[in-house]
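The chains referred to below are lettered A, B, ... by the order of the sequence lines, with proteins before strands, and numbering in each begins at 1. Below, all heavy atoms of this structure are taken into account, side chains as well, without hydrogens, waters or symmetry copies.
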There are 2 protein chains.
Amino acid sequence: MDIIKYVHLDGQSMISEPRYDCAIDAAMSVIEGRWKTVIICKLYRNGAPMRYNQLMAQIEGISPRIFTLQLKEMERDGIIVRNVRSTKPKCVEYYLSERGFSLLPILKSLAEWGLKNMFSNMVEFDDGITVPSKDDLKESGLC
Amino acid sequence: MDIIKYVHLDGQSMISEPRYDCAIDAAMSVIEGRWKTVIICKLYRNGAPMRYNQLMAQIEGISPRIFTLQLKEMERDGIIVRNVRSTKPKCVEYYLSERGFSLLPILKSLAEWGLKNMFSNMVEFDDGITVPSKDDLKESGLC
DNA sequence: CAGCATCCCCTAAGATACTG
DNA sequence: CAGTATCTTAGGGGATGCTG
């Protein structure tokens, strides 16, 4: 089954979409993107919906253009919800959808795998001083 | 713990590596790559080691340069093993390492997630005729 | 057989300035 | 506050031909 094309049906018209070789790639395409897993983690840990700037402030090094782009793609893929409150000035909230939440077990598996397999030769942390044990990292959960 | 730098120790020297924000990205970096999941699936399903050309022949549309590149990265990350048999002409085998095998549960989760969430609006297959049911796809396993 | 060597291309990503 | 609008860049990916 690895050769699959699919198209989205958008009301009347058909929108051609990229081709995926298998279901794995379809899922990967949803979480691939420089900041998507970070965004998911932040939203998850925050528990409540987050405003655009509030969320962006938590992500060091991201530019507004890319941030917006990632959000748009994630909304299109149905893993986050964008909700506009008509206050003045307007307030736009983002939060994980049910589908977004359903990614968390996978992300946890990935985190555990990464911890066990890729960080064995990790020797330096940002602060340049402390090197947390793997267990410390582990109990901190996602991200 | 999302701000992490790490470096590889290669004998005496230190090799600077890309920076990952969290363990998730570290794991993702191993399976990201246009053909890596496909290669893993092929090796897994084949059961036995596969030769370079034998494996490449099973991957429609890949070019030798990219194929070699993906293999090299996967070998560097320790998820496949490259074994050279000194026959004439030489024979090079590739197979999944223990670490590579340990990715399979994650890939299966991704496949299931993709099947459930991304293929609901799939309407067209390569042959342009049959549209297998999700159950058909599911029982075909990985890829 | 198992790959390099070259060349090209496209797109994700980033920097920065501006706005309804 | 929540984004656009422009411009630029890096590098992952691809095509094709050649070789120890």
Side-chain angles (χ1 to χ4, degrees), chain A residues 3 16-22 25 28-40 42-43 46 48-77 80-95, chain B residues 15-21 25 28-39 42-43 46 48-77 80-95:
Chain A
I3 309 303
S16 184
E17 286 285 309
R19 167 195 179 143
Y20 300 110
D21 276 342
C22 65
D25 288 338
M28 292 268 294
S29 75
V30 173
I31 51 177
E32 272 172 355
R34 179 66 184 83
W35 304 100
K36 288 183 185 176
T37 55
V38 182
I39 291 171
I40 294 172
K42 297 293 184 191
L43 288 176
N46 193 66
M50 297 179 79
R51 284 174 297 99
Y52 182 89
N53 283 321
Q54 177 191 14
L55 180 51
M56 189 166 63
Q58 299 236 349
I59 304 175
E60 192 193 10
I62 199 172
S63 66
R65 197 184 84 86
I66 299 303
F67 183 53
T68 301
L69 234 165
Q70 306 273 301
L71 289 174
K72 279 222 167 15
E73 289 179 10
M74 294 169 78
E75 190 195 2
R76 179 203 64 192
D77 292 334
I80 63 170
V81 179
R82 179 177 181 273
N83 181 37
V84 186
R85 306 177 91 96
S86 327
T87 55
K88 15 185 162 58
K90 77 174 172 187
C91 164
V92 181
E93 299 176 329
Y94 293 92
Y95 56 94
Chain B
I15 302 176
S16 184
E17 286 286 306
R19 170 195 176 142
Y20 301 110
D21 278 342
D25 288 338
M28 293 266 295
S29 75
V30 174
I31 52 177
E32 272 173 355
R34 178 69 183 81
W35 304 100
K36 288 184 186 175
T37 55
V38 182
I39 291 171
K42 298 292 183 191
L43 288 177
N46 193 67
M50 297 179 79
R51 283 175 297 99
Y52 182 89
N53 283 321
Q54 176 191 15
L55 180 51
M56 189 166 64
Q58 299 235 349
I59 304 175
E60 192 194 9
I62 199 172
S63 65
R65 197 184 81 87
I66 300 303
F67 183 53
T68 301
L69 234 165
Q70 306 272 303
L71 289 175
K72 279 226 167 12
E73 289 179 10
M74 294 169 78
E75 190 194 2
R76 178 203 63 192
D77 292 334
I80 62 170
V81 178
R82 178 177 183 273
N83 181 37
V84 186
R85 306 177 91 96
S86 326
T87 56
K88 17 188 164 46
K90 76 173 173 188
C91 163
V92 181
E93 299 176 330
Y94 293 92
Y95 55 93

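Within the 4.0 Å cut-off from OP1 or OP2 of C:dA2, not a single side-chain nitrogen or oxygen of B:Lys72 is found. Not one side-chain nitrogen or oxygen of B:Tyr52 sits closer than 4.0 Å to the OP1 or OP2 atom of C:dC4. Neither OP1 nor OP2 of D:dC1 sits under 4.0 Å from any side-chain N or O of A:Tyr94. For D:dA2, the OP1/OP2 oxygens have a side-chain nitrogen or oxygen of A:Arg51 closer than 4.0 Å.
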Would you give a per-nucleotide map of nucleotides 10-20 of chain D, 5' to 3', where B means the base has a protein non-hydrogen atom under 4.0 Å away, S means only the sugar-phosphate does, and - means neither? ---BBBBB---
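Rounding to whole angstrom units, CD of residue A:Glu75 and P of D:dA2 are separated by 14 Å. For the pair B:Asp25 CG and C:dA13 P, the computed distance is 11 Å after rounding to whole Å. At whole-Å resolution of the value, CD in A:Gln58 and C1' in D:dA2 are 17 Å apart. One atom, CG of B:Asn53, and another, P of C:dC4, lie 13 Å apart when rounded to the nearest Å. Distance CZ (B:Phe67) to C1' (C:dC4): 15 Å, rounded to an integer number of Å. As a whole-Å value, the separation of A:Leu71 CG from D:dT4 C1' is 14 Å. A:Glu60 places its CD atom 12 Å from the P atom of C:dA15, with the value rounded to the nearest Å. Atom CE in A:Met56 sits roughly 13 Å away from atom C1' in C:dA15 (whole-Å rounding).
A pairwise comparison of heavy atoms in B:Lys90 and B:Val84 identifies CD-CG1, 4.3 Å as the closest pair. The two residues A:Glu32 and A:Lys36 make their nearest non-hydrogen contact at O-CD, 3.2 Å. The two residues B:Pro64 and B:Met56 have their closest heavy-atom pair at CA-SD, 3.8 Å. The two atoms that bring A:Ile80 and A:Leu71 nearest to each other are CD1-O, 3.5 Å, heavy atoms only.
Within 4.0 Å of A:Arg82, counting heavy atoms only, lie sugar-phosphate atoms of the nucleic acid but no base atom.
Between the side chain of A:Gln70 and the backbone N or O of A:Trp35, at least one donor-acceptor pair lies under 3.5 Å.
Taken to the nearest 0.5 Å, the OG1 atom of A:Thr37 stands 6.0 Å off from the CE atom of B:Met28.
Rounded to 10 degrees, the angle separating the terminal axes of the helix from C:dC1-D:dG20 to C:dG20-D:dC1 is 60°, with each axis obtained from five end pairs.
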